[in-house]
Amino acid sequence: MPRAVKAGPDLAGYLEAAKLDEPLFGDIQKHVLKKALEPSGRRQDVMHPSEIIKPDWCHRAAFFRLRENREPKKHIGFQKENIFEEGHRTHAKWQEWLKDMNRLAGDWRCRACDLVFWNDTTPQDCPRCAAPSRAIDYAEVPLNASTLRISGKSDGYCPHDGCLIEIKTMGLGSLRYEQPGFLARYEVETPEHGTLIDLMRLWKDFRRPLPSAVRQTQLYMYLARHFEDLPVDRTVFFYDFKPTQDTKSYVVLYDESISDPVIEAAEAITDCLATDTPPFCNFNGRAGCEACTQYHEEMT
C-alpha cells in the first residue's frame, strides 16, 4: 500500500526519507521529522538564554517573536533531531548519577499527578500524592527574570558544592561551527581516505568549554544570583566527547561583566515592547537582517 505524504514545512526531508531502500529506516526518519514539526510547547513570550548569547542574535527579531508570542518557522532534519535526542540522553545519565548521590537540587516532576515542586535533594516521595521516588523525574533548575522577559533552565544545581551543572556532548560539528581554526590543526591527509581528524590529539588539547557554552552559563549564573537567590559562584561542566565516549570536567567562575551586554539588550527590548516600538536591527539598522525581515513577514 503506498504511503501518504502530507504537504508542509520541510517536505523535502520527509520525501527523501520515503525514498530510502530500507522501508523501516525511512519510516523511522519520517516519524521523527513529523514529531519535530509539531508545536514544541517551548515558551515564545520569553527570551531563552541559548538564543540570546549567540553572536547572530537579532534584537528586532526577538521583539517581533515576543510581541506576537508565536513559534518561528522550524528548520528540521533527521541528523539535527538525532543530535538533540542524544543530548537529552546524556543529560539524563549525568543527572541520574547526581540524583543517586543526593547532590542534585531543583524542580522535580511527579509522573503520577504531574506536580512540579522544588527539593534540595532527591525526593523520597511526592508531597501531593505520595508516589515513590521512582515515579519522580528531575525537571532541572528554572532561571527566570520576569522583568527582562528571560527564562531558561540550567542542567543542574548542587547546593553542597555551590555550583550550577552544565552537561554537554561535543562532536566535530560543534567544533566546525564555533572553532574551525582549532579543528583545522588536527587535520591529517591520508592517501586512502583524504582528510581525516586526529581525534585523540584533538581531545587531549581540548582544555576549556566552547565560547558559547561559557556565555550561556555566565548568564545562567547571573539569573541564579540576581533573580532566584541561588548562591552560586561557579559552574561545573561535564563534556562527553561523542567519537570516543571520553569525558572531561571544567570549572567556570562567575564573571558578571560577560553577561552585561546581553542584559542591557534585554532591557532595551522590554522597553520597546512596553511602547510597541520595534527596535532597529542590531546588524543592519532600518533595513533589517535576514532574521528579522523574514520573521516580520511570517508574523504579518
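We're numbering straight along the sequence, starting at 1. Owing to the predicted nature of the structure, the values given are computational and were not obtained by experimental measurement.
Using a distance-only test at 3.5 Å, with no hydrogens or angles considered, a donor-acceptor pair links the side chain of His48 to the main chain of Arg43. The closest donor-acceptor contact from the side chain of Arg234 to the backbone of Tyr254 lies at 3.5 Å or more, if one exists at all. Side-chain N or O atoms of Thr90 include none that pairs as donor or acceptor with a backbone N or O of His88 at under 3.5 Å. Counting only distance, with no hydrogens or angles, the side chain of Trp108 and the backbone of Gly106 share a donor-acceptor pair below 3.5 Å. Of the possible polar contacts, one joining the Arg60 side chain to the Pro279 backbone as a donor-acceptor pair under 3.5 Å is found. Side chain of Asn282 to main chain of His59: a donor-acceptor pair is present (N/O by atom type, distance under 3.5 Å, no hydrogens or angles). A donor-acceptor pair is defined here as one N or O able to donate and one able to accept, closer than 3.5 Å; no such pair exists between the side chain of Asp205 and the backbone of Met200. Thr217 contributes no side-chain N or O that, together with a main-chain N or O of Ala213, makes up a donor-acceptor pair within less than 3.5 Å.
Each of Gln95, His91, Lys153 was checked for a side-chain hydrogen bond (donor to acceptor under 3.5 Å, both in side chains) with Glu140, and the lone residue meeting it is Gln95.
Leu148 places a side-chain heavy atom less than 4.5 Å from the side chain of Ile263. Inter-residue side-chain proximity for Val46 and Ile150 is flagged as unmet; no heavy-atom pair is nearer than 4.5 Å. Phe227 places none of its side-chain heavy atoms less than 4.5 Å from the side chain of Ser146. For the pair Leu202 and Leu183, the minimum side-chain heavy-atom distance is below 4.5 Å.
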Going by atom type alone, with no hydrogens or angles, which donor-acceptor pairs under 3.5 Å involve a side-chain atom of residues 191-199 and a protein atom two or more places apart or on another chain?
unit_1 : atom_1 : unit_2 : atom_2 : d
Thr195 : OG1    : Glu189 : OE1    : 3.2
Thr195 : OG1    : Glu189 : OE2    : 2.5
Asp198 : OD1    : Arg201 : N      : 3.2
Asp198 : OD2    : Arg201 : NE     : 3.3

Please table the atom pairs, donor to acceptor, closer than 3.5 Å between any side-chain atom in residues 159-170 and protein atoms at least two apart or in another chain.
unit_1 : atom_1 : unit_2 : atom_2 : d
Asp161 : OD1    : Arg103 : NH2    : 2.9
Asp161 : OD2    : Arg103 : NE     : 3.2
Asp161 : OD2    : Arg103 : NH2    : 3.1
Glu166 : OE2    : Ser154 : OG     : 3.2
Glu166 : OE2    : Asp155 : N      : 3.3

Donor-acceptor pairs under 3.5 angstrom involving side-chain atoms of residues 241-249: please list them, not counting sequence neighbours.
unit_1 : atom_1 : unit_2 : atom_2 : d
Thr244 : OG1    : Asp246 : N      : 3.4
Asp246 : OD2    : Trp203 : NE1    : 3.0
Thr247 : OG1    : Asp240 : OD1    : 2.8
Lys248 : NZ     : Trp203 : O      : 2.4
Lys248 : NZ     : Lys204 : O      : 3.4
Lys248 : NZ     : Phe206 : O      : 3.0
Ser249 : OG     : Phe237 : O      : 3.2

Query raised in the report: Should Gln218 and Tyr222 be marked as a side-chain hydrogen bond (donor to acceptor under 3.5 Å, both in side chains) after you check the CA-CA gap, both sets of side-chain angles, and the distance that decides it?
Result: CA-CA 6 Å; Gln218 288 291 352; Tyr222 182 99; over 6 Å; no
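Counting all heavy atoms, side chain and backbone alike, Leu115 lies closest to Cys126 at CD2-SG, 3.9 Å. Asp45 approaches Arg149 most closely through the heavy-atom pair O-NE, 2.8 Å. Across all their heavy atoms, Ser151 and Pro49 have their closest contact at O-CD, 3.1 Å. The shortest non-hydrogen separation linking Pro55 to Phe283 is O-CZ, 3.2 Å. The two residues Leu223 and Ala145 come nearest to each other via the heavy atoms CD2-CB, 3.7 Å. Counting all heavy atoms, side chain and backbone alike, Ala62 lies closest to Ile269 at CB-CD1, 4.1 Å.
Under the 4.0 Å criterion applied to side-chain N and carboxylate O atoms, Lys54 and Asp56 are not assigned as salt-bridge partners. Salt-bridge check for Lys35 with Glu85: failed, with every basic side-chain N at 4.0 Å or more from each acidic carboxylate O.
In the hydrophobic cluster analysis, where Ile, Leu, Val, Met, Phe, Trp and Tyr join through side-chain heavy atoms closer than 4.5 angstrom, Phe280 is grouped apart from Trp57. A continuous path of hydrophobic side-chain contacts links Leu210 to Phe182 [ILVMFWY only; heavy atoms under 4.5 Å]. Hydrophobic clustering (ILVMFWY, side-chain heavy atoms < 4.5 Å, transitive): Tyr239 and Leu172 are in one cluster.
Within the structure, every pair that satisfies the salt bridge (Lys or Arg N to Asp or Glu O under 4.0 Å) test and touches residues 276-294, not counting sequence neighbours, is listed here: Arg67-Asp276. Here salt bridge (Lys or Arg N to Asp or Glu O under 4.0 Å) pairs that include residues 255-274, with residues two or more places apart or in two chains, number zero. Residue pairs satisfying the side chain to side chain donor-acceptor pair (under 3.5 Å) criterion with at least one member in residues 110-119, sequence neighbours excluded, are listed as follows: Arg109-Asp114, Arg111-Asp137, Trp118-Asp120.
Remark: Asp229 CG is loosely packed, at most 12 non-hydrogen atoms of other residues, nucleotides or ligands lying under 6.0 Å away.
In summary, the side chains of Thr122 and Asn102 do present a donor paired with an acceptor at a separation below 3.5 Å, with no hydrogens or angles considered.
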